[in-house]
Amino acid sequence: MHAPCYRNCGSRGSRCRFAWSHNSWTPSRGGPLKMELLAIVSLPLRKIKTLRETLREKNLLNSFLEQEAYRLSKNDSKIATLPLRNHLDIAYVGVITIGTPPQEFRVVFDTGSANLWVPSTTCKSPACRTHNAFNPQNSLSYGEVGKPISIVYGSGIFRGFLGSDTVRIGNLVSPKQSFGLSLVESGFDFVPFDGILGLSFPSIAFKDTIPIFDNLWSHGALSEPVFAFYLSKNKSEGSVVMFGGVDHRYYQGELNWVPVSETRYWKISMNHISMNGNVVACPCGCHAIVDTGTSLIYGPTEQVTNIHKLMKAKPQSSEYAVSCDAIRTLPPVIFNINGIDYPLPPQAYITKVQNSCSSIFQGGSESRYQSNWILGDVFLRQYFSVFDRKNKRIGLNQV
C-alpha cells in the first residue's frame with residue numbers, strides 16, 4: 001500500500017486527484033437537538049461485574065471465546081464475497097469488524113502491504129478523530145500485545161502498537177488475529193477509509209505476526225487459498241473482493257496465469273509496454289507490482305516521460321495535462337505480460353475533470369520501488385484479478 005495523498009475534494013466538480021506513493025467526508029449536518037423534560041426519577045445504581053470478569057472467575061472465558069469464534073465462522077460455502085464501495089475511482093473500501101461484540105471499520109483491501117491496522121481510541125491525531133476508532137475495553141475477545149510498531153509510507157506515517165482480537169470479513173472469522181492500533185497518523189486525514197487490510201505475503205508483515213489471510217488459511221476457513229477482485233468503473237456500487245474461491249460470472253473465458261517473481265509483494269515479470277506496435281517502455285523486460293492499494297500507474301521517470309511525449313502531455317504541477325480530444329485519437333497502451341497483451345484504452349489512462357484532462361501515469365518509481373512498475377486500480381478496473389497464494393501466481397482476464 002502506498003500512502004495516500006489527497007487534495008481538497010470538497011466542492012462539487014472540483015479537481016480531486018488521488019495518488020498513492022505506495023495512495024473526511026464531511027460529517028452529516030443535522031438540525032438542532034430538541035429535548036423535553038417530562039419527569040425526573042431517581043434510581044439507585046449498583047455496579048455489576050462484566051461478562052468478561054464473570055467468565056474469567058469461573059475459568060470459562062477462553063472456552064467461551066473459542067466456541068463463539070467457531071460458531072460465527074462455521075459456514076458450508078467457505079467463500080466470502082464482500083462488496084466494495086468505489087470512492088470516485090480513487091479507493092475501493094469494504095467493511096470488516098473487530099472484537100466481541102463487533103466494532104465496524106472501513107478498510108482498503110491492499111495487495112501492496114501485509115498488515116491490518118485501524119485507529120485506536122487513544123490516538124490523538126486529527127485523522128483519528130474523523131474516523132472510526134477501536135476501543136479495546138469494549139471487546140471481550142481483545143488480547144493485549146503492546147509491541148510498538150510503525151509504518152512509513154510515501155506520504156504518510158502510522159505509529160502504534162499491536163493488539164489481538166477476532167476479525168470478521170463477511171462470513172469469515174479470524175480468531176486471535178494480530179492487528180495494529182494507531183497512536184499517531186499522518187497523511188490519512190481526508191481518506192474515505194479507517195484503516196488498511198494488507199493481502200501481500202507474510203515476509204513483509206510485522207515481525208512475529210501472521211497476516212489475516214494466512215490465519216484464515218491455516219484455520220481451514222477457506223476452500224481454496226485464493227482471493228479475487230472485481231473493480232467497477234465510474235460507479236460507487238458493484239465492486240467486490242472474494243475469498244476462498246472465484247465467481248466466474250465476473251469474467252469471460254479462461255484466466256491467464258502469471259507466476260509471481262518474488263514472494264514479498266505480488267510482483268510479476270513484464271515483457272514490454274507498447275503503443276501503436278512500438279515499444280515505448282520496459283524495452284528489455286521489467287517487473288511490476290500488482291497493487292489494489294494504488295490508484296494510478298507508476299513507472300521509472302524516463303520511461304513515463306517517453307509515454308507522455310507520445311501523448312503530447314505537458315507537465316502541470318504534479319500532473320501531466322493532455323488534450324481531452326486525445327481520448328478519441330490516442331491508441332491503447334499495451335502491457336505485454338507473460339506473452340499476452342493487456343491493452344489499456346485512452347478512456348482509462350486519461351482522466352477528465354470538468355473541461356481538463358490528465359494522464360494517470362506517474363514517474364518516480366526508481367526512487368521508491370527499485371524501478372518496478374506499479375499497476376494500480378486503473379489497470380485492475382480493466383481486468384478481473386485472482387491472487388493464488390498456494391501456487392504463487394496471479395490470474396488475469398478482461399472483465
Verify, without hydrogens or angle tests, whether His87 (side chain) and Val93 (backbone) share a donor-acceptor contact under 3.5 angstrom. no

Check: Ser182 side chain, Arg159 main-chain N or O, donor-acceptor pair, under 3.5 Å: no

Phe227/Phe387 aromatic ring centres below 6.0 Å: yes

Going by side chain to side chain contact (heavy atoms under 4.5 Å, CB included), name the residues that satisfy it together with Ala313, two or more places apart in sequence or in a different chain. His308, Met311, Tyr320, Val322

We want to know whether Asp377 and Ser295 form a side-chain donor-acceptor pair, criterion being a heavy-atom distance below 3.5 angstrom. no

Steps toward ring-ring contact (aromatic ring centres under 6.0 Å, His included) verdict (Phe179, Trp117): CA-CA 5 Å; Phe179 68 104; Trp117 66 264; over 10 Å; no

Can you check whether Phe201 and Tyr265 have ring centres sitting under 6.0 Å from each other? no

Does the separation of the ring centres of Tyr92 and Phe109 fall below 6.0 angstrom? no

In Tyr298, Phe335, Phe361, the residue satisfying ring-ring contact (aromatic ring centres under 6.0 Å, His included) with Phe379 is Phe335

Thr111 and Ser200 side chains, donor-acceptor separation under 3.5 Å: no

Give me the atom names and distance for the closest heavy-atom approach of Leu375 to Leu380. O-CD1, 4.3 Å

Salt bridge (charged side-chain N to carboxylate O under 4.0 Å, His left out) assessment of Asp165 paired with Lys176: CA-CA 5 Å; Asp165 212 328; Lys176 299 180 180 179; over 6 Å; no

